[in-house]
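Read the structure below first, then the notes.
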Amino acid sequence: MEKYSARLNRLSFSQTFVMSNKVREMKANGIDVISLTLGEPDFDVPQDIKTAAFDAINNNFSHYSPVPGFLDLRQAICDKLKRDNNLDYQPSQICVSNGAKQSIINVLASIINDGDEVILPAPYWVSYDEMVKMMGGKSVFIETSIDNNFKMTAEQLEKAITPKTKALLYSSPCNPSGSYYRYEELEKIANVVAKYPQITIISDEIYEYINYDGKHTSIAEFPQVYEQTAVINGMSKAFAMTGWRIGYSACPTWLAKGCEKIQGQITSGANTMAQKASVTALKTDPSEYRYMIDEFKKRREIVYELVKEIPGFKVNYPEAAFYFFPDISYYVGKNLNGKTINDADDFAMFLLEEAHVGTVGGVSFGNSTCIRFSYAASENELKEAMRRIKDCLEKATLR
């Protein structure tokens with residue numbers, strides 16, 4: 001008898017963690033590897049946020065919180081959404097979760113029935129398709145390319161919609177591409193979705209603040225889809241709080257109640273000390289933490305100039321987040337140092353074994369000819385990583 005459930009057997013392991021684990025194994029064996037695999041800021045949590053967490057401990061915030069989070073945090077989230085996004089929400093529309101991952105799962109679990117379709121513009125974050133599978137849904141992919149900065153058009157979206165379409169799930173700014181949708185682009189998408197009231201938009205905005213070239217727009221700003229939109233955000237990227245596991249959703253009231261019901265049966269409320277610290281983070285003027293974004297921007301410029309010199313790489317200029325997603329299709333179908341490169345995952349493994357640089361192949365992101373690497377690393381590591389990749393490919397036997 002099969003011990004695993006059919007649901008579990010449908011899922012794949014996260015490729016980002018697969019590659020990061022291989023990096024750790026190689027390092028444990030004494031191999032000098034530079035890891036650019038994980039999407040995690042390399043800064044420490046700002047001191048005022050840490051102080052707020054200690055204050056919460058000393059003030060005995062060590063008991064269960066309400067399932068959707070403490071009221072003061074939900075109010076701080078509402079205030080942030082009004083201040084930064086001109087969005088009007090009440091605390092009853094907010095559900096604070098154990099990371100933005102759970103916020104997305106809560107929404108999907110609230111709306112998806114077996115066989116329902118969820119539209120994913122590709123490339124997408126590795127967990128999206130797996131989350132849809134977990135809920136019994138079916139992902140419908142919209143292909144994009146580096147030539148259009150990996151963004152879908154409203155026309156592509158409308159063609160993908162069927163009577164079974166239940167949701168549109170995307171990130172802006174995007175992991176893995178570093179692109180983001182501008183106001184005019186989202187307005188056209190909103191106009192399409194507004195014609196289909198059965199569709200819920202799940203807008204993952206976790207990289208909102210890491211936007212170098214323009215103002216972030218949330219699709220919930222368009223009144224025609226406000227009641228169809230779940231805004232997903234959290235503390236991990238802008239505040240370097242990845243391990244604190246605080247995410248949140250802002251939804252129409254009917255969906256917020258569903259998220260609270262789901263979460264109440266799975267985890268209940270999120271970590272209480274982290275919640276209290278998040279109040280301090282959200283109430284602080286975003287300019288106080290701008291130094292992290294400024295450093296990412298500086299690194300982007302350095303890496304962009306270096307990666308353009310790598311043979312066989314086609315790269316665009318990422319406008320947000322902290323990733324490059326170069327097209328390496330030049331190498332697909334060829335043989336490098338006796339190793340056949342069938343897709344981007346093979347190429348990422350080649351770079352790890354031959355150049356000792358950890359990246360993530362694009363297959364699990366929905367693109368088999370691109371690789372993702374993070375520039376949330378020191379300037380010295382980034383320069384050395386690009387040098388290793390360039391030298392390795394220049395010296396490789398290619399046929």
Side-chain angles (χ1 to χ4, degrees), residues 52 56 61 63-111 167-169 172 183 186 190 193-194 197-206 208-209 215-236 238-239 241 244-272 274-286:
F61 281 97
H63 304 285
Y64 292 131
S65 79
V67 169
F70 286 123
L71 179 59
D72 59 344
L73 176 54
R74 286 183 283 140
Q75 184 60 60
I77 292 168
C78 292
D79 294 343
K80 173 258 177 262
L81 291 168
K82 182 64 176 178
R83 177 192 70 199
D84 299 342
N85 312 105
N86 197 31
L87 291 173
D88 291 309
Y89 287 97
Q90 298 299 315
S92 61
Q93 295 176 270
I94 308 299
C95 185
V96 178
S97 303
N98 298 277
K101 242 180 187 177
Q102 185 179 20
S103 298
I104 296 170
I105 282 285
N106 285 346
V107 174
L108 289 171
S110 297
I111 64 172
L168 164 65
L169 171 55
S172 179
Y183 182 94
L186 285 176
V193 176
Q198 81 277 12
I199 297 177
T200 297
I201 302 169
I202 308 172
S203 177
D204 183 349
E205 303 177 21
I206 193 72
E208 171 189 359
Y209 290 130
K215 182 183 181 298
H216 174 77
T217 299
S218 172
I219 200 167
E221 294 177 40
F222 299 100
Q224 62 267 42
V225 291
Y226 175 87
E227 287 293 332
Q228 290 174 254
T229 301
V231 175
I232 307 295
N233 213 321
M235 311 305 295
S236 62
F239 307 101
M241 295 172 65
W244 297 52
R245 309 313 303 136
I246 296 293
Y248 60 84
S249 57
C251 301
T253 300
W254 67 269
L255 184 51
K257 291 297 182 186
C259 292
E260 181 178 349
K261 185 176 183 181
I262 292 290
Q263 185 164 300
Q265 296 296 351
I266 298 174
T267 62
S268 298
N271 179 286
T272 54
Q275 285 194 56
K276 288 298 180 181
S278 297
V279 174
T280 294
L282 291 169
K283 285 186 173 181
T284 302
D285 190 296

Check whether any side-chain heavy atom of [X] lies under 4.5 Å from a side-chain heavy atom of [Y], and answer yes or no.
X      : Y      : result
Ser103 : Cys259 : no
Ile206 : Ile232 : no
Leu81  : Ile94  : yes
Leu255 : Ser110 : yes
Ile219 : Val225 : yes
Gln93  : Cys78  : no

Identify the two heavy atoms, one from [X] and one from [Y], that lie closest to each other, and give their separation to 0.1 Å.
X      : Y      : answer
Ile202 : Ala167 : CD1-CB, 4.3 Å
Leu282 : Arg83  : O-NH1, 3.1 Å
Gln263 : Cys95  : OE1-SG, 3.8 Å
Thr280 : Ala52  : OG1-CB, 3.3 Å
Ala220 : Val231 : CB-CG2, 3.6 Å
Ser268 : Asn98  : O-ND2, 4.2 Å

Examine distances only and state if a side-chain atom of [X] and a backbone atom of [Y] form a donor-acceptor pair shorter than 3.5 Å.
X      : Y      : result
Gln102 : Gly99  : no
Glu227 : Pro197 : no
Gln228 : Ile199 : yes
Arg74  : Gly69  : yes
Glu208 : His216 : no
Thr272 : Phe61  : yes

| message | Do Lys276 and Phe70 form a cation-pi contact, if we require the NZ or CZ to be under 6.0 Å from the six-membered ring centre and within 45 degrees of the ring's axis? | response | yes

| task | Kindly check if the number of other-residue, nucleotide or ligand heavy atoms within 6.0 Å of CD (Gln224) is above 12? | result | yes

Atom pair [atom1] ([X]) and [atom2] ([Y]), whose distance is rounded to the nearest 0.5 Å:
X      : Y      : atom1 : atom2 : answer
Tyr183 : Lys215 : OH    : NZ    : 9.5 Å
Leu186 : Thr217 : CG    : OG1   : 6.0 Å
Asn233 : Ile246 : CG    : CD1   : 12.5 Å
Trp244 : Ser278 : CH2   : OG    : 8.0 Å
Thr284 : Phe239 : OG1   : CZ    : 7.5 Å
Leu168 : Thr229 : CG    : OG1   : 9.0 Å

Modelled atom types, side-chain donor and acceptor of [X] and [Y], under 3.5 Å:
X      : Y      : answer
Asn106 : Ser249 : no
Ser203 : Glu205 : yes
Asn85  : Ser218 : no

| task | Just grab all the ring-ring contact (aromatic ring centres under 6.0 Å, His included) pairs involving residues 83-102, residues at least two apart or on different chains. | result | Tyr89-Tyr226

| salt bridge (charged side-chain N to carboxylate O under 4.0 Å, His left out) with Asp84: which residues, sequence neighbours excluded? | Lys80

| note | Residues at least two apart in sequence or cross-chain that pass salt bridge (charged side-chain N to carboxylate O under 4.0 Å, His left out) with Lys261, listed by chain then number, are none

